[in-house]
Amino acid sequence: KQSSVSYQGVAGNAVDGIADTFYRGGSCTHTAESSHNWWLVDLGEWSFVHHVVITNRLGCCPERIDGAEVLVGESYRLTACGKIQYTNSSTRTYNITCQKMGFIVKLIQKNSVLSLCEVEVMGKPVNNSVEVKELQETKPTVAYLPAEGW
């Protein structure tokens with residue numbers, strides 16, 4: 001889901017497994033211009049999110065990603081993992097460490113259009129607090145796929 005859709009840049013493009021950084025490739029999201037854009041994915045179950053890898057749009061407007069914030073949690077109780085700091089026009093991916101629990105991963109951009117070419121949530125479903133402690137001490141090895149129907 002995302003706050004709005006512009007130029008056929010639907011939310012599902014960010015989780016289609018294609019990290020093409022050029023918009024004409026048809027695999028990037030695009031919101032309308034507003035002061036509070038967002039994108040989110042429902043993981044489908046309670047999970048430990050180790051980190052989130054965001055593939056930025058290149059070519060036109062890669063600086064739009066600057067200041068976008070990554071949050072993890074449940075419904076309306078989200079906790080910030082970190083903000084993206086745009087470095088230069090050739091930076092393809094941003095890796096945001098989270099180490100947080102939740103079933104929702106949300107990106108918020110308060111300054112500009114939000115355009116994402118791929119979002120990979122690295123983590124693992126959890127069943128109890130002992131497992132959470134163990135996960136905080138190890139790195140995940142696979143990307144988390146979104147819930148059915150996405």
Subject >> Within one Ile-Leu-Val-Met-Phe-Trp-Tyr cluster: V10 and V105, side-chain cutoff 4.5 Å >> reply: no
Subject >> In one Ile/Leu/Val/Met/Phe/Trp/Tyr side-chain cluster, 4.5 Å: V52, Y86 >> reply: yes
Original post:
Same hydrophobic cluster for L40 and I108, using side-chain heavy-atom links shorter than 4.5 Å among ILVMFWY?
Top reply: yes
Subject >> Cluster overlap I65 with V113, hydrophobic side-chain contacts below 4.5 Å >> reply: no
Original post:
Among Q2, Q8, R57, which residue meets the side-chain contact (heavy atoms from CB on, under 4.5 Å) test with H30?
Top reply: R57
**OP:** For Y23 and G9, indicate whether the former's side chain and the latter's backbone hold a donor-acceptor pair under 3.5 Å.
**Re:** yes
Subject >> From CA spacing to verdict: side-chain contact (heavy atoms from CB on, under 4.5 Å), C81, K100 >> reply: CA-CA 8 Å; C81 296; K100 303 206 182 308; 4.3 Å; yes
Original post:
Among the clusters formed by ILVMFWY side chains lying less than 4.5 Å apart, do W46 and L78 turn up in the same one?
Top reply: yes
Original post:
Would you find a donor on one side and an acceptor on the other, under 3.5 Å apart, between the side chain of T55 and the backbone of A19?
Top reply: no
**OP:** Apply side chain to side chain donor-acceptor pair (under 3.5 Å) to the pair T29 and N13, showing each step before the final yes or no.
**Re:** CA-CA 6 Å; T29 70; N13 288 353; over 6 Å; no
Subject >> Verdict with supporting geometry, Y76 and I104, side-chain contact (heavy atoms from CB on, under 4.5 Å) >> reply: CA-CA 9 Å; Y76 299 102; I104 301 281; over 6 Å; no
Subject >> Flag if over 12 foreign heavy atoms under 6.0 Å of CD, Q85 >> reply: no
Original post:
Do D20 and S27 have a side chain donor and acceptor closer than 3.5 Å?
Top reply: no
